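Structure first, commentary second.
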Amino acid sequence: MAEAEAAQLKEEGNRHFQRQDYKAATKSYSQALKLTKDKALLATLYRNRAACGLKMESYVQAASDASRAIDINSSDIKALYRRCQALEHLEKLDQAFKDVQRCATLEPQNQNFQDTLRRLNTSIQEKLRVQFSTDSRVQKMFEILLDENSEADKLEKAANNLIVLGREEAGAERIFQNNGVALLLQLMDTKRPELVLAAVRTLSGMCSGHRARATAILHVVRIDRICSLMAVENEEMSLAVCNLLQAIIDSLSGEDKREHRGKEEALVLDTKKDLKQITSHLLDMLVSKKVSGQGRDQALNLLNKNVPRKDLSIHDNSRTIYVVDNGLRKILKVVGQVPDLPSCLPLTDNTRMLASILINKLYDDLRCDPERDHFRKICEEYITGTFDPQDMDKNVIAIQIVSGILQGPFDLGNQLLGLKGVMEMMVALCGSEREADQLVAVEALIHASTKLSRATFIITNGVSLLKEIYKTTKNEKIKIRTLVGLCKLGSAGGTDYGLRQFAEGSTEKLAKQCRKWLCNASIDTRTRRWAVEGLAYLTLDADVKDDFVQDIPALQAMFELAKTSDKTILYSVATALVNCTNSYDVKEVIPELVQLAKFSKQHVPEEHPKDKKDFIDMRVKRLLKAGIISALVCMVKADSAILTDQTKELLARVFLALCDNPKDRGTIVAQGGGKALIPLALEGTDVGKVKAAHALAKIAAVSNPDIAFPGERVYEVVRPLVKLLDTQRDGLQNYEALLGLTNLSGRSDKLRQKIFKERALPDIENYMFENHDQLRQAATECMCNMVLNKEVQERFLADGNDRLKLVVLLCGEDDDKVQNAAAGALAMLTAAHKKLCLKMTQVTTQWLEILQRLCLHDQLSVQHRGLVIAYNLLAADAELAKKLVESELLEILTVVGKQEPDEKKAAVIQTARECLIKCMDYGFIKPVS
């Protein structure tokens, strides 16, 4: 009964459909669907209801019904086509295309399906074009970002896409032209951190390398707004805004080093006013209570990076003079902050150190004595103006300022120590009952005793004071600091074993106490930092450094501290590691001068027995085992002005000491040491860059470059290695740089091209003339790889040079390795260019004799290369081939080619036979029947 009624309702529905009463038809089909379970009927009912949906423009319902019909019968062509029509109206063109494609497969002759297929294909192409056009992308992203109801994942995706777009020149320009800056300001007004962050990062991309755009953005967004954003507590936000300001400064000052063409080049903008305004706002941030510690740090980082001259040969230091006149007092205020006082500004662990470094950089950037005197007077007036007999807090701040300057320009700090009342106030504060007073005074005493000559004065005056505090205080924080003061004074003799300040065993006891505090996790990080500072001085003593590297928990505690956000520890950790690895410079001891000194009863520096090579190697092994590489990698990545060029040099020294043993280099590479060395080789002191480049050369010589320097980083390794080829560098550095370049040039033509562009070729050729066997061999092997490059080949083809002659003559050397490399280079050159085959016979009269010697060589690799050269000459020119056949070379080829088959000699015999076949082709010889 139910099935019959369902069939009846279907027919009723069909009649309604024909009368175009689609509502009634839909009702009939829906009622029928409830009554039947017959699959064929169900499919028809769903398909028919889908047709009603299409007519009533209920496309979602139509697509759903058609899908149900297809579920029952996947080849239901009517249902497929109806779903295609519904999906097309729903703008789901790719899905609609698939359905009509299936229809066309089932009925290839149906013209309707073919037309729909073509139409949809055109629509999809147009949609993709519009979808991927930058304007549309920008518009869509802003729509999503400014819609309060957007889903979280869509928001995140749109924000990331906008940032990427802002980094592309075309994308940045489209955002800028389409009112993008105003829309980005709207995003910043939402106060939602993720959206503000996206806006700031997009603006950074847009400002990079485009002066006009950077200027316009600076004026629209306004510097006060940018600075207030950088002042927030959120570290990620503060860093992003710092990067935005850096991008603006780079573009305005021309530091981005990009070439500008067309309109951008035509724009002549006076950027000095804008740069001065940025500097002024950054200086104001330093003393504002509204600015967070993070914001203050970023302002100091920007000033450190952009105010002092990067190259002292540039005469103009006006930015420094402006900051000294308008901001030095503000910087001194930051240096003088005492965290325990209620008036203290918001700080991080790094703030005061960043301010000290800025003072140091500004002082070093002054050009003449009047400028330095002016600088000193401002400091003196500020300190003496701070002293107040009635207010102990102000006196503490004054001593804190002196302490901070002592961490910066030491000579200036020393002059300030001589100010009336400064030393007396230090002594008075040491005896104070307040913890804050004692902390400041002891730290000032420690910083005052940096140089041996000054330390002698402090030893006579300060040691008793420090010992007294150490014995009487119950406060661990003060105890550690006084101990460091004693450590510092105890190490005043440096590495000289015979010049110890304290009694035998005293330094070991001090070091043991430092290690104990270092391992005590219950003590705050800032205080444990002082334990590392103590060890940085005490590890000059070989007994102390030997005990320290055996104390694995203490080493690992130090490495963990190096990875924290407190970057003030970097220099101390690096110093301690330089001492442990003995990677400091040691003056060469000339025996005659030692004898002379002993005769005249002068002091002679003595080497500690534990500073010999065996002990150093053992210490390096222990450091690697304790995880030193991960700590060094983390320290190199520190994006802070506290990572000074001097600290980078220390890290480079440590890396070089660790790379000394080839067996350890795999471990260093596996833990990211190769990548970490690249920035050290590109930036820092001249000595630091050379040390890092030497460490890179050691790694590049024995490691797979794809693993050691993944991706594009490998191209950054080339320049430091090429600089090591300089004749001012020592022989070992030259040799290992050549080995590294040989390994790199064997990887790809892109790397060979990079080496060529860095102008390494003349240096490599220079070392091919070298008398030193190993240098000559390394240079020839490098050239053997380099000749694969077309531009290098062109240098050999050029007239008026002896490059080819040199390679031919090197093939005649007695050194097998040099011969092998030179023969390899000659084989590749003669294979690449017939002209070089002819040129080879003209550069020296010995060419034939050298070639015959190669073809008779005992070493199979050299012999094979010689035979390849012979084949290349035979194939190059019939006249040249005739000359070779008339010489003894034919006899040599015949003897080699007729040898009994041997697996080891297979390549040699085969090449000799190919040479003979070539002679047969010319008709110079005939086969024996």
Side-chain angles (χ1 to χ4, degrees), residues 484 487-488 491 494-495 507 511 514-515 518-519 528-564 566-586 608 610-611 613 615-638 642-661 664-665 667-668 671-673 676-677 679-681 684-685 687-688 691-692 694-695 698-699:
V484 172
C487 292
K488 201 168 182 179
S491 67
T495 54
T507 45
C514 280
R515 296 205 312 271
L518 182 57
C519 295
R528 284 164 70 207
R529 187 192 91 211
W530 284 96
V532 179
E533 184 108 358
L535 287 165
Y537 297 112
L538 293 176
T539 45
L540 286 164
D541 185 297
D543 287 317
V544 170
K545 64 180 105 169
D546 219 51
D547 291 342
F548 185 32
V549 293
Q550 289 180 50
D551 188 345
I552 298 295
L555 276 180
Q556 289 175 339
M558 182 174 81
F559 295 156
E560 287 307 310
L561 280 178
K563 295 175 188 176
T564 60
D566 181 359
K567 300 304 173 195
T568 54
I569 202 168
L570 295 179
Y571 188 80
S572 305
V573 173
T575 306
L577 293 173
V578 164
N579 293 342
C580 289
T581 54
N582 283 49
S583 46
Y584 41 70
D585 289 326
V586 180
H608 196 289
K610 287 184 180 177
D611 275 332
K613 187 152 187 1
F615 283 94
I616 297 167
D617 292 345
M618 191 62 70
R619 287 201 287 271
V620 165
K621 287 259 181 268
R622 287 195 175 122
L623 286 166
L624 285 166
K625 197 176 175 183
I628 184 174
I629 299 298
S630 62
L632 290 173
V633 169
C634 198
M635 289 163 78
V636 170
K637 285 179 183 172
I642 293 175
L643 183 65
T644 57
D645 288 349
Q646 287 71 26
T647 309
K648 287 178 188 173
E649 182 189 314
L650 296 178
L651 295 175
R653 286 175 181 275
V654 176
F655 264 120
L656 182 57
L658 298 173
C659 291
D660 193 50
N661 188 340
D664 296 330
R665 292 173 201 169
T667 310
I668 294 165
Q671 294 175 18
L677 272 165
L680 295 178
T685 64
V687 173
K691 300 277 182 193
H694 192 185
K698 285 178 182 286
I699 288 171

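A quick note: this is a predicted structure, and the numbers were derived from the prediction, not measured.
Looking only at distances, no side-chain donor or acceptor of Lys567 sits under 3.5 Å from a matching main-chain atom of Leu643.
Residues Val544 and Ala511 come closest through the heavy atom pair CG1-CB, 3.5 Å. Scanning both residues, Ala695 and Leu656, for their nearest heavy atoms gives N-CD1, 3.7 Å. Considering all non-hydrogen atoms of both residues, Cys514 and Ala531 come closest at O-CB, 3.5 Å. For Arg665 against Asp660, the heavy-atom pair with the smallest separation is NH2-O, 3.3 Å. Annotation for Val654 and Ala574: closest pair CG2-O, 4.2 Å, computed over non-hydrogen atoms.
Considering NZ of Lys545 and CD1 of Ile616, their distance stands at 7.0 Å, rounded to 0.5 Å. Here CG of Leu518 is found 11.0 Å from CD of Glu560. Values are rounded to the nearest 0.5 Å. In this structure, CZ in Phe548 is found 7.5 Å from CG in Leu577, a value given to the nearest 0.5 Å. Between Asn582 atom CG and Phe615 atom CZ the span is 11.5 Å, to the nearest 0.5 Å. For the atom pair Leu570 CG and Leu651 CG, the distance stands at 7.5 Å (nearest 0.5 Å). Note that the CD atom of Gln556 and the CZ atom of Phe559 stand 8.0 Å from one another [nearest 0.5 Å].
In this view, Pro553 and Cys519, Asp551 satisfy the side chain to side chain contact (heavy atoms under 4.5 Å, CB included) rule, not counting sequence neighbours. Every residue two or more places apart in sequence or in another chain was checked for a side-chain hydrogen bond (donor to acceptor under 3.5 Å, both in side chains) with Lys691, and none qualifies. Taking the side-chain hydrogen bond (donor to acceptor under 3.5 Å, both in side chains) definition, one finds that Arg528 meets it with nothing, sequence neighbours left out. Remark: Thr564 pairs with Thr525, Asp566 by the side chain to side chain contact (heavy atoms under 4.5 Å, CB included) rule, at least two apart or across chains. A search for salt bridge (charged side-chain N to carboxylate O under 4.0 Å, His left out) contacts involving Arg619 returns Asp546, Asp611, not counting sequence neighbours. Contacts of Ala657 classified as side chain to side chain contact (heavy atoms under 4.5 Å, CB included), with partners at least two apart in sequence or in another chain: Thr581, Ser583. Every side-chain hydrogen bond (donor to acceptor under 3.5 Å, both in side chains) that Lys610 has, sequence neighbours left out, goes to Asp543. Thr685 meets the side-chain hydrogen bond (donor to acceptor under 3.5 Å, both in side chains) test with Glu649; sequence neighbours excluded. The side chain to side chain contact (heavy atoms under 4.5 Å, CB included) test applied to Asp617 returns Lys613, not counting sequence neighbours.
With hydrogens and angles left out, the side-chain atoms of Thr647 and Thr644 include a donor and acceptor closer than 3.5 Å.
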What donor-acceptor contacts under 3.5 angstrom involve side-chain atoms of residues 620-635, with partners at least two apart or in another chain?
| residue | atom | partner | partner atom | Å |
| --- | --- | --- | --- | --- |
| Lys621 | NZ | Asp664 | OD1 | 3.0 |
| Lys621 | NZ | Asp664 | OD2 | 3.3 |
| Ser630 | OG | Lys563 | NZ | 3.2 |
| Ser630 | OG | Gly627 | O | 3.1 |

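Between Arg529 and Leu561, every side-chain heavy-atom pair lies at or beyond the 4.5 Å cut-off. Within the 4.5 Å cutoff, no side-chain heavy atoms of Val549 are placed close to those of Met618. Put simply, the side chain of Glu533 does not reach to within 4.5 Å of the side chain of Thr575, judged on heavy atoms.
In the displayed structure, Tyr571 atom OH is contacted under 6.0 Å by at most 12 heavy atoms of other residues, nucleotides or ligands.
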Next item on the list: Quick one: do Arg515 and Leu535 satisfy side chain to side chain contact (heavy atoms under 4.5 Å, CB included)? Show the steps, please.
Entry: CA-CA 8 Å; Arg515 296 205 312 271; Leu535 287 165; 4.1 Å; yes

